[in-house]
Amino acid sequence: MHDVDGTFNLRDLGGLSTVDGRAIAPGRFLRSGSLAGLTSRGRAELDRLGVVRVVDLRTIVERSAAPDALIGSAARCTAVPLLTGALSSMASVPTLGDLYLGLLDDEGTGIVTAVQVLLEQPDTGGVLVHCSAGKDRTGVLVALVLLVVGVGRDAVLDDYALTEQLLPTSFGPAALAMAEQVRASGMTVDDDAVLALATRSPRAALDAAIEHVVDQWGSAAGYLWAHGLPDDGIDALRARLLV
């Protein structure tokens, strides 16, 4: 975990071990929440971490309201919006499980586009992936990448569950305020469901999503191949991320 001024939930995935005895190289693959609040000190800290590319998974509306504050840093941003398609078929506030299945079923092309950004960087360049909280879209994408390069399922779930401890305390009140606005429009909204969606990262939610991938596509690799990753993409990811 890294304390980068103006963001939260930022951690380097370097050091996570694979089942065949290798590990994610430090500085190659990072995750975080929104970078909209980065300060000049935060941008300098991001540079020290070696981040050269940021993958922003937020929708156009989210990015327009709170653009990444990267000007002045060495990192350039690639926007790969996820969620719009997944939410379009949902009539009410989804559970985390529903959200993750929607992402997997409806956003496969975007997920693969984001994964391919990892393959475009020099070996020494770091790629940071984020959404708003760095929990759901980021969590699903990171889990798929970690699994395909050989990190064990338990370690992937442990990393996901850590997010709940790293979110700002403001997320809960902000989520409830948004729920009240939606309720005022006439929709039925359950506060507990909103809080779970905004602030929690239970292992069971991601574990069910991984099981869905295995049931439908055989493996995380099968999922990425089915949605457009080249045949040699998995080997390329392993070469890019592992030491």
Side-chain angles (χ1 to χ4, degrees), residues 1 3-4 6-11 31-38 55-69 79-108 110-111 114 129-144 154 156-213:
M1 290 171 286
D3 184 14
V4 173
T7 188
F8 54 90
N9 193 20
L10 192 154
R11 54 196 186 270
R31 61 181 294 175
S32 77
S34 171
L35 302 180
L38 277 181
V55 182
D56 187 344
L57 304 178
R58 298 176 300 164
T59 64
I60 294 172
V61 171
E62 290 173 287
R63 295 198 311 274
S64 297
D68 282 346
V80 184
L82 301 181
L83 199 61
T84 304
L87 287 180
S88 63
S89 60
M90 297 181 185
S92 60
V93 177
T95 65
L96 283 173
D98 290 338
L99 178 63
Y100 295 171
L101 295 190
L103 281 167
L104 290 165
D105 290 345
D106 299 332
E107 305 284 1
I111 287 171
V129 177
H130 80 88
C131 49
S132 291
K135 179 171 76 75
D136 302 315
R137 289 164 285 189
T138 300
V140 168
L141 176 64
V142 166
L144 289 168
D154 282 344
V156 172
L157 295 173
D158 286 344
D159 173 70
Y160 165 78
L162 181 61
T163 288
E164 191 169 316
Q165 303 172 35
L166 301 177
L167 293 180
T169 56
S170 60
F171 261 67
L176 290 177
M178 290 177 62
E180 189 57 39
Q181 291 175 7
V182 174
R183 190 177 291 111
S185 71
M187 284 185 64
T188 299
V189 178
D190 180 81
D191 285 350
D192 287 341
V194 171
L195 278 173
L197 195 66
T199 66
R200 293 167 194 158
S201 58
R203 288 170 59 97
L206 186 64
D207 197 38
I210 293 171
E211 198 59 36
H212 179 67
V213 168

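Predicted model only: the values in this text are computed from it and were never measured.
- Taken to the nearest 0.5 Å, the OH atom of Tyr100 stands 12.5 Å off from the CG atom of Asp207.
- Here the CG-CG distance, from Leu96 to Leu101, works out to 11.0 Å after rounding to the nearest 0.5 Å.
- Rounding to the nearest 0.5 angstrom, the gap separating the CG atom in Leu57 from the OG1 atom in Thr138 is 5.0 Å.
- Across all non-hydrogen atoms, the minimal contact from Ala65 to Pro67 is C-CD, 3.8 Å.
- In terms of heavy atoms, Ser34 sits closest to Thr7 at O-OG1, 2.8 Å.
- Partners of Arg203 by salt bridge (charged side-chain N to carboxylate O under 4.0 Å, His left out), not counting sequence neighbours, listed by chain and number: Asp154, Asp158.
- Summarising the geometry, atom CG belonging to Asp106 is positioned 9.5 Å from atom CD1 belonging to Ile111; distances are rounded to the nearest 0.5 Å.
- Legend: residues meeting side chain to side chain contact (heavy atoms under 4.5 Å, CB included) with Ala196, ordered by chain and number and at least two apart, are Arg200.
- Summarising the geometry of Ser201 relative to Ala161, their closest heavy-atom pair is OG-O, 3.2 Å, with the distance given to 0.1 Å.
- From Leu157, atom CG reaches atom CG of Leu206 across 5.5 Å, with rounding to the nearest 0.5 Å.
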Given the rule in the side-chain contact (heavy atoms from CB on, under 4.5 Å) test, do Asp68 and Leu38 qualify, once you have shown the distances and angles that lead to the verdict? CA-CA 8 Å; Asp68 282 346; Leu38 277 181; over 6 Å; no
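- When the side-chain hydrogen bond (donor to acceptor under 3.5 Å, both in side chains) test is applied to Ser132, the partners found at least two apart in sequence or on another chain are Glu62.
- Rounding to the nearest 0.5 Å gives a distance of 6.0 Å between CG of Leu104 and CG of Leu144.
- Qualifying side-chain hydrogen bond (donor to acceptor under 3.5 Å, both in side chains) partners for Glu164, counting only residues two or more places apart in sequence or in other chains: none.
- Looking at residues two or more places apart in sequence or on another chain, you find a side chain to side chain contact (heavy atoms under 4.5 Å, CB included) between Pro168 and Phe8, Ser170, Phe171.
- Residues Val142 and Val156 form no side-chain contact, since every pair of their non-hydrogen atoms from C-beta on lies 4.5 Å or further apart.
- Looking at residues two or more places apart in sequence or on another chain, you find a salt bridge (charged side-chain N to carboxylate O under 4.0 Å, His left out) between Asp56 and Arg58.
- Leu195 and Thr199 make their closest contact through O-OG1, 2.6 Å (heavy atoms, listed as atom of the first residue, atom of the second, distance).
- Between the side chains of Asn9 and His130, no donor N or O sits under 3.5 Å from an acceptor N or O.
- Between Ala133 and Leu167, the shortest heavy-atom contact is O-CD2, 3.5 Å.
- The two residues Ala36 and Ala66 come nearest to each other via the heavy atoms CB-O, 3.4 Å.
- The salt bridge (charged side-chain N to carboxylate O under 4.0 Å, His left out) check on Asp159 picks up Arg11, Arg31, with sequence neighbours excluded.
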Going through the checks in order, is the side-chain contact (heavy atoms from CB on, under 4.5 Å) test met by Thr59 and Arg137? CA-CA 11 Å; Thr59 64; Arg137 289 164 285 189; 4.1 Å; yes
